[in-house]
Amino acid sequence: MSQTHRVLLSEDDILEKIEGIATQICEDYRGQEVILVGILKGAFVFLSDLAREIEHQSQDGKGVSACFVEFMSISSYGDSRKPGDIRIELDVRQSVRGQNVIIVEDVADSLETLYRVRQILSEKGAAEIRVAVLLEKPEGHKRSDVSLDYVCFRIENAGFVYGYGMDVAEKSRALPFVAVADPE
Ligand code: IMP
Ligand code: MG
């Protein structure tokens, strides 16, 4: 039997928003190089659509001069008393020193992950660091020192979402839309 999913955000909704933030990025960094740093695994689909849209919009010389793609993978130590404590499982390979970096993340919930990733990239000497997220969950925020520069969707009380890169116990990452889990 095929699975049914409750679609929260359709493919078309998502691609329309990505087009919009790609336009903003192309305007903000016109004629400059940017390095997109995707946070694995959740951001892999979002990053691939965003990177292609940026390249597409930059073809006629109006957008960025180059769009590089890097990835980081991090995991938490699992100590709930220190939510910001994370281990780098995979680091960027290209130097970010003096570069414009855009962290690309699936969900901004507590903001602890983005805070730590931002700190790591800053220590590596990035010139400017911005953040692009597919989904912001404002009620989950636990910090006020992380700004989200490019946000596709702000979702309130949606519960757990999956698809479009995000998993449920490693399943359903490749769904082309964002689905919402049924409430318990
Ligand atoms: P935080 O902002 O440090 O709390 O971490 C956000 C991370 O939690 C994201 O990168 C996601 O991997 C994960 N996350 C939070 N909410 C969801 C969800 O609804 N679905 C899938 N992953 C989620
Ligand atoms: Mg994630």
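Below, each value reflects all heavy atoms present in this structure, side chains not excepted, and no hydrogens, waters or symmetry copies. First listed ligand is number 1; within each ligand, the first listed atom is number 1. Nothing here was measured: the structure is a model prediction, and the numbers come from that model.
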For atom 18 (C) of ligand 1, state which one of Lys137, Glu112, Met166, Glu136 supplies the nearest heavy atom. Lys137
Could you pull out the closest heavy-atom pair between [X] and [Y], with the gap in Å?
X      : Y      : value
Val180 : Ala158 : CG2-O, 3.0 Å
Glu139 : Ile155 : OE1-O, 3.7 Å
Phe177 : Glu11  : CB-N, 4.2 Å
Gln57  : Glu19  : NE2-O, 3.2 Å

Classify the contact between Leu111 and ligand 1 as side chain, backbone, both or neither, using a heavy-atom distance cut-off of under 4.0 Å. backbone
Could a heavy atom of Phe160 be found less than 4.0 Å from some atom of ligand 1? yes
Sub-4.0 Å atoms of ligand 1 with respect to non-hydrogen atoms of [X]:
X      : value
Ser110 : 1 (P), 2 (O), 3 (O), 4 (O)
Glu105 : 9 (C), 10 (O)
Thr113 : 1 (P), 3 (O), 5 (O)

I need the single residue from Val101, Asn100, Leu47 that forms a side chain to side chain contact (heavy atoms under 4.5 Å, CB included) with Leu36. Which is it? Leu47
Could you check Asp28, Val104, Val133, Leu134 and say which one makes a side chain to side chain contact (heavy atoms under 4.5 Å, CB included) with Tyr150? Asp28
Would you check the N or O atoms of [X], main chain and side chain alike, for any that come under 3.5 Å of an N or O of ligand 1?
X      : value
Asp106 : yes
Asp167 : no
Ala108 : no

Protein heavy atoms: any of them under 4.0 Å from atom 13 (C) of ligand 1? no
Distance flag for atom 1 (P) of ligand 1, protein heavy atom under 4.0 Å: yes
What protein heavy atom sits nearest atom 20 (N) of ligand 1, and how far off is it? Val161 O, 2.6 Å
Considering only the protein, which heavy-atom contact is closest to atom 23 (C) of ligand 1, and what is its distance? Val107 CG2, 3.9 Å
Find out whether Ile39 and Asp106 are in side-chain contact, i.e. whether some heavy atom of one side chain is under 4.5 Å from a heavy atom of the other. no
Are any of the side-chain heavy atoms of Leu9 and Lys17 separated by less than 4.5 Å? no
Does CD belonging to Glu33 count more than 12 external heavy atoms closer than 6.0 Å? yes
